[in-house]
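Here is the structure we will look at.
Heads up: numbering here begins at 1 and tracks the sequence.
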Amino acid sequence: SQALDRPLDLEAVEAIDREALARDPERRSPRERLVLRRLTTLPTGAPPCADHARCIEELTAEAEEHKARWPKSSRGAQILAEMARVEGRPEEARVILVEACPLPGDAAQCWRQLAPLVSVEDLPDVLSRLTSVSCTNRNDCAAAHDWAAGMLGSRKQYAQAFTSRQLAID
């Protein structure tokens, strides 16, 4: 009973997710957890990315696996782009995402990932695409406009940020 009150260690969590994928390779949740743990620790070199080269290999393999299993999703490209960004290659990340974000699967997250990488001149188009794919229901639409307002404000585009904030509350 006491063992269940403690968080699982990294090896146990990794083993559980790998076993879930061995049983059903189409499951996205365990695959996503494996990827997120690596993307989160890639910049610091903490486990599971203590071996940087191995971590890059695993993330690249997962990105390719995403592309193969879900060809209408941009998630594989998002993984590659985040790796490039973390490794100090933001232009490469931008190019990857510009090509992938028009894919219908995982598009909103792709446009969000692309927004900080584009110029102020290109930002309105990216945010328009984000809100376009996000506005399938009222809550998602409001969240997308609110996020866009924050992004615009961070780029000192205050008038556009104000307009986007108004759209979020309408």
Side-chain angles (χ1 to χ4, degrees), residues 1-117 126 129-144 146-148 150-151 154:
S1 169
Q2 276 185 326
L4 296 177
D5 292 335
R6 288 179 280 160
L8 293 173
D9 68 2
L10 178 62
E11 287 180 27
V13 172
E14 291 271 310
I16 290 167
D17 285 339
R18 290 199 185 287
E19 178 62 25
L21 288 175
R23 292 178 186 200
D24 182 4
E26 294 293 320
R27 293 188 62 193
R28 287 188 76 171
S29 294
R31 190 173 299 284
E32 189 62 22
R33 286 189 299 269
L34 289 166
V35 165
L36 287 176
R37 277 193 292 276
R38 280 153 184 75
L39 288 175
T40 302
T41 60
L42 183 61
T44 64
C49 281
D51 180 340
H52 187 80
R54 181 175 176 208
C55 189
I56 293 292
E57 285 176 22
E58 290 174 350
L59 283 167
T60 302
E62 280 300 326
E64 295 307 320
E65 188 73 19
H66 271 79
K67 288 179 173 184
R69 288 193 185 280
W70 302 286
K72 292 183 180 177
S73 169
S74 61
R75 185 61 183 136
Q78 291 174 42
I79 295 165
L80 295 173
E82 184 59 14
M83 289 168 43
R85 189 196 65 76
V86 165
E87 299 253 295
R89 301 185 317 271
E91 179 58 21
E92 180 182 334
R94 187 193 65 74
V95 168
I96 291 168
L97 294 171
V98 164
E99 184 177 313
C101 287
L103 292 170
D106 303 298
Q109 182 55 39
C110 193
W111 294 115
R112 279 189 170 123
Q113 192 174 345
L114 176 59
L117 301 173
V126 169
R129 291 170 187 255
L130 165 64
T131 56
S132 175
V133 299
S134 299
C135 286
T136 56
N137 68 62
R138 186 175 176 89
N139 289 339
D140 289 348
C141 191
D146 193 52
W147 189 90
M151 177 56 60
S154 74

Item to check | Beyond-backbone contact of Met151 with Val126, side-chain heavy atoms, under 4.5 angstrom | outcome: no

Checklist entry - Is there side-chain contact between Thr41 and Pro48, with at least one heavy-atom pair below 4.5 Å? => result yes

Item to check | Shortest non-hydrogen contact between Asp140 and Ser134, atoms and distance | outcome: CB-O, 3.2 Å

Checklist entry - Should Gln113 and Arg85 be marked as a side-chain contact (heavy atoms from CB on, under 4.5 Å) after you check the CA-CA gap, both sets of side-chain angles, and the distance that decides it? => result CA-CA 10 Å; Gln113 192 174 345; Arg85 189 196 65 76; over 6 Å; no

Item to check | Ala107 versus Leu103, closest heavy-atom pair with distance | outcome: CB-O, 3.4 Å

Next on the checklist: When you compare the side chain of Thr60 with that of Ile56, does any pair of heavy atoms fall below 4.5 Å?
Outcome noted: yes

Next on the checklist: For Glu99, is the CD atom crowded, meaning more than 12 foreign heavy atoms sit under 6.0 Å from it?
Outcome noted: no

Next on the checklist: Counting C-beta onward and ignoring hydrogens, is there a side-chain heavy-atom pair between Arg28 and Ser73 closer than 4.5 Å?
Outcome noted: yes

Checklist entry - Which ring-ring contact (aromatic ring centres under 6.0 Å, His included) pairs, counting each pair once, include a residue from residues 33-57, with sequence neighbours left out? => result none

Checklist entry - Salt bridge between Arg54 and Glu57, side-chain N to carboxylate O under 4.0 Å? => result no

Checklist entry - Got more than 12 heavy atoms from elsewhere within 6.0 Å of CD, Glu19? => result yes

Next on the checklist: Between Leu59 and Leu39, does the side-chain contact (heavy atoms from CB on, under 4.5 Å) criterion hold? Intermediate values first, please.
Outcome noted: CA-CA 8 Å; Leu59 283 167; Leu39 288 175; 3.9 Å; yes

Item to check | Presence of salt bridge, Glu62 and Arg38, under 4.0 angstrom | outcome: no

Item to check | Step-by-step side-chain contact (heavy atoms from CB on, under 4.5 Å) determination, Lys67 to Glu64 | outcome: CA-CA 5 Å; Lys67 288 179 173 184; Glu64 295 307 320; 3.8 Å; yes

Checklist entry - Does Cys141 reach the side chain of Arg138, with side-chain heavy atoms less than 4.5 Å apart? => result no

Checklist entry - Would Val13 and Asp17 satisfy side-chain contact (heavy atoms from CB on, under 4.5 Å), going step by step from the backbone distance to the final call? => result CA-CA 6 Å; Val13 172; Asp17 285 339; 4.1 Å; yes

Next on the checklist: Tell me the closest heavy-atom pair linking Ala77 and Leu97, and the distance in Å.
Outcome noted: O-CD2, 4.3 Å

Item to check | Backbone of Arg37 reached by a side-chain donor or acceptor of Thr40 within 3.5 Å | outcome: no

Checklist outcome for this item: Residues pairing under ring-ring contact (aromatic ring centres under 6.0 Å, His included) where one sits in residues 67-99, two or more places apart or in two chains, turn out to be His66-Trp70

Item to check | Stepwise salt bridge (Lys or Arg N to Asp or Glu O under 4.0 Å) test for Arg75 and Asp106 | outcome: CA-CA 6 Å; Arg75 185 61 183 136; Asp106 303 298; over 6 Å; no

Checklist entry - Which distance, rounded to the nearest 0.5 Å, do you find between the CD1 of Ile79 and the CD of Glu32? => result 6.0 Å

Checklist entry - How long is the span from the CD atom in Glu87 to the CD atom in Glu92, to the nearest 0.5 Å? => result 9.0 Å

Checklist outcome for this item: Minimal heavy-atom distance between Pro30 and Ala20, with the atoms involved, is CG-CB, 3.8 Å

Checklist entry - Do you know the tightest heavy-atom contact between Ser74 and Cys110? => result OG-CB, 3.3 Å

Checklist entry - Is there a side-chain contact between Cys101 and Arg129 (heavy atoms, below 4.5 Å)? => result no

